[in-house]
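Notes follow the structure.
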Amino acid sequence: MSVLIFLDQADGQIRKSSIEAACYGAKVADQLEVGAEAIVLGSVTDDLTLLGKYGIKKVHTVKNPSLDQLDAQVFTKLIAETAIASGATVIVFSNNLTGKAVAPGLSVRLIAGLVSGAIALPDTTNGFVVKKNVFSGKAFANVAINTPVKIISLNPNSYPITTGDGIAEVAEFASAVDAAKVQVTAINKVAGEVPLTEAEIVVSGGRGLKGPENWALVTDLAKLLGAATACSRPVADINWRPHHEHVGQTGIAIAPNLYFAIGISGAIQHLAGVNRSKTIVVINKDPEAPFFKAADYGIVGDAFEVMPKIIEAVKKMKRVD
Amino acid sequence: MKILVCISKTPDTTAKITFADNNTKFAGDGVQWIINPYDEWYALVRAIELKEADNTSTIHLLTIGAPDCDPIIRKALALGGDEAIRVNADSHDSYYIASQIAAVAKPGGYDLIFTGKETIDYNGSSIGGMVAEMLDLPYISLASKFSLEGGHAVIVREIEGGEETCKVQLPVVVSCQKGMAEQRIPNMKGIMGARGKPLKVVEPVAAEALTSIASFDLPPAKAGVKLVSADHPEELVRLLHEEAKVI
Ligand SMILES: Cc1cc2nc3c(=O)[nH]c(=O)nc-3n(C[C@H](O)[C@H](O)[C@H](O)COP(=O)(O)OP(=O)(O)OC[C@H]3O[C@@H](n4cnc5c(N)ncnc54)[C@H](O)[C@@H]3O)c2cc1C
Ligand SMILES: Nc1ncnc2c1ncn2[C@@H]1O[C@H](COP(=O)(O)O)[C@@H](O)[C@H]1O
């Protein structure tokens, strides 16, 4: 028996959200007193034996380079075969874009109940109950999985990465790789930016910034803090910022350690995408802006006056450290 | 071209979220219900645009739900679509719902099955992928653009760190998000026309539910905002560094 963790890779390296899934899966394996194993598809360059430090005992790889591109059917088949071969009773994914594409199909193939968007370890005192986000972060549901094999898809930034000692055994999993029905013809990656869902700090701007020419107030602070940038929906709709930065109920949902909101009113649909952030800072000139109710820290003031001073103070702090 | 659009009903985005029956049920009384935004704005509108480009196409709308879904599916029909099917079952288990969708889709011979990216209440983001596997069809998740070229679909989908364009033979299951289409408002003609369109109610097939909701919780209330004077923004930086320890 085992817990099997699917680790997805980008350009040969295991993603941070997958490392979180590995640490989570290793902890679930401890709870169930079984071993934690992982599966990696495609041409990885990372030294996979090092996954041992996250608690992984064994890594199954299928190195076929056609697996560098995502085809949900091909991935599902390989993960299902590995899960059966390693006697997995729990399979863990990151609920990132790859996880969302693959975990549902695996649930059908193995007739294994799936909880997607998990935010805590399963409670195994009475059955197998996993806490997940529902109502776009406005509530949680405790969901019981009632099948012998269980699948959990863990929300990014909800489980800490911890390291210990250990070296993982790496084994090539011999299986025929089906021809992909999905043919990727172009890839457009946003180079050099911190991916929004993986970022620990996110700096975000709203309509209060008046126009795209003022965005240095957001991007300068983001650069200093190693943060990703985001925006409210109207800002993306009027093309001040790219669509992939739009957070909220109809955009991306994030849960960084720090969310820094500048000139955003805090409409309920915006909050739905950011309310799981651990610390929220709001800069808004209107003391009645609803965002202050959801904030941990705030300044009631004009962003055009306040932000340059904040940026200066951060620069100073970085120099002192 | 036969297109199936999966439609679900969700509480309005501003609805207050509270629970009843010892926190085991969403308290739906007095809540305004809407079509799940991803299903309406993106999946359905893109399907309508495809039909506008090729009027030999037919669009079927499918919802799995109790009779209280009828106003929602009628509203969807007012936007477009030829007929609607409601499978008369009430469940929050994705596998059960997907089984019902697959049971309708299999004999239906659809070239395209569209779902939304996720429901904004249960946030599963899973039903499209499940339906695809049940029907042994390719699945493209989180599509932001969709076009047809001969017997192929050309789709832009979101991947980690960017997007990619892919080509796939029909039939295919696609989950739709922002970018696919622009939101539309139903007009009077559509609303009147929807009354004459068929809404078939069918009974569910036997299917398992693999999960069940044991209870709901609300997040703990925030302690309240700590305000820093606009004259001393550097104090905020100090607090974030020394107190919250996030920078
Ligand atoms: C179904 C539905 C789904 C939606 N989904 C989303 C979503 O996913 N994400 C999203 O963001 N929105 C979403 N919305 C829109 C949402 O309701 C709000 O309209 C939107 O979030 C407002 O954006 P904003 O705060 O940038 O702009 P505004 O509401 O215009 O707020 C601007 C803020 O900036 C402040 N301000 C102005 N000047 C300054 C200054 N000089 N210094 C400091 N502060 C200043 C103002 O006081 C105000 O609070 C959705 C709406 C609907 C109906
Ligand atoms: N009860 C339902 N009836 C029909 N389609 C549904 C239902 N629930 C979900 N869907 C479809 O599946 C998509 C994803 O839902 P989910 O996996 O629950 O987040 C939705 O956007 C709908 O298109």
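Naming: A, B, ... by sequence-line order, numbering from 1 per chain. As the structure is a prediction and not an experimental result, all values here were calculated from the model.
Only the side chain of A:V281 comes within less than 4.5 Å of a heavy atom in chain B; its backbone stays farther off. For chain B, the nearby part of A:I268 is the side chain; its heavy atoms alone come within less than 4.5 Å. Neither the backbone nor the side chain of A:R276 comes within less than 4.5 Å of any heavy atom of chain B. When heavy atoms are compared at a cutoff of 4.5 Å, A:A294 approaches chain B solely by way of its backbone atoms N, CA, C and O. Of the atoms belonging to A:F75, not a single heavy atom falls under 4.5 Å from chain B. Both the backbone and the side chain of A:L70 come within less than 4.5 Å of a heavy atom in chain B. When heavy atoms are compared at a cutoff of 4.5 Å, A:K132 approaches chain B solely by way of its side chain, counted from C-beta outward. The parts of A:I111 that come within reach of chain B are both its backbone and its side chain, each placing non-hydrogen atoms under 4.5 angstrom from that chain. Only the side chain of A:L225 comes within contact range of chain B, with heavy atoms under 4.5 Å apart. Only the side chain of A:Q269 comes within contact range of chain B, judged by heavy atoms closer than 4.5 Å. Only the backbone of A:N133 comes within contact range of chain B, with heavy atoms under 4.5 Å apart. Within the 4.5 angstrom heavy-atom criterion, atoms from both the backbone and the side chain of A:A295 approach chain B. Only the side chain of A:E198 comes within contact range of chain B, with at least one heavy atom under 4.5 Å from a heavy atom of that chain. Proximity to chain B is absent for every atom of A:S153, based on heavy atoms less than 4.5 angstrom apart.
Interface remark: of the candidates A:L114, A:T197, A:D8, A:N95, A:L114 forms the most heavy-atom pairs closer than 4.5 Å to chain B. When each of B:Q169, B:E234, B:K178 is scored by its heavy-atom pairs under 4.5 Å with chain A, the top score falls to B:K178.
Between B:K222 and A:D296 there is a salt bridge, with a side-chain nitrogen of the basic residue lying less than 4.0 Å from a carboxylate oxygen of the acidic one.
Of all heavy-atom pairs spanning B:T211 and A:G113, the tightest one is CG2-CA, 4.1 Å.
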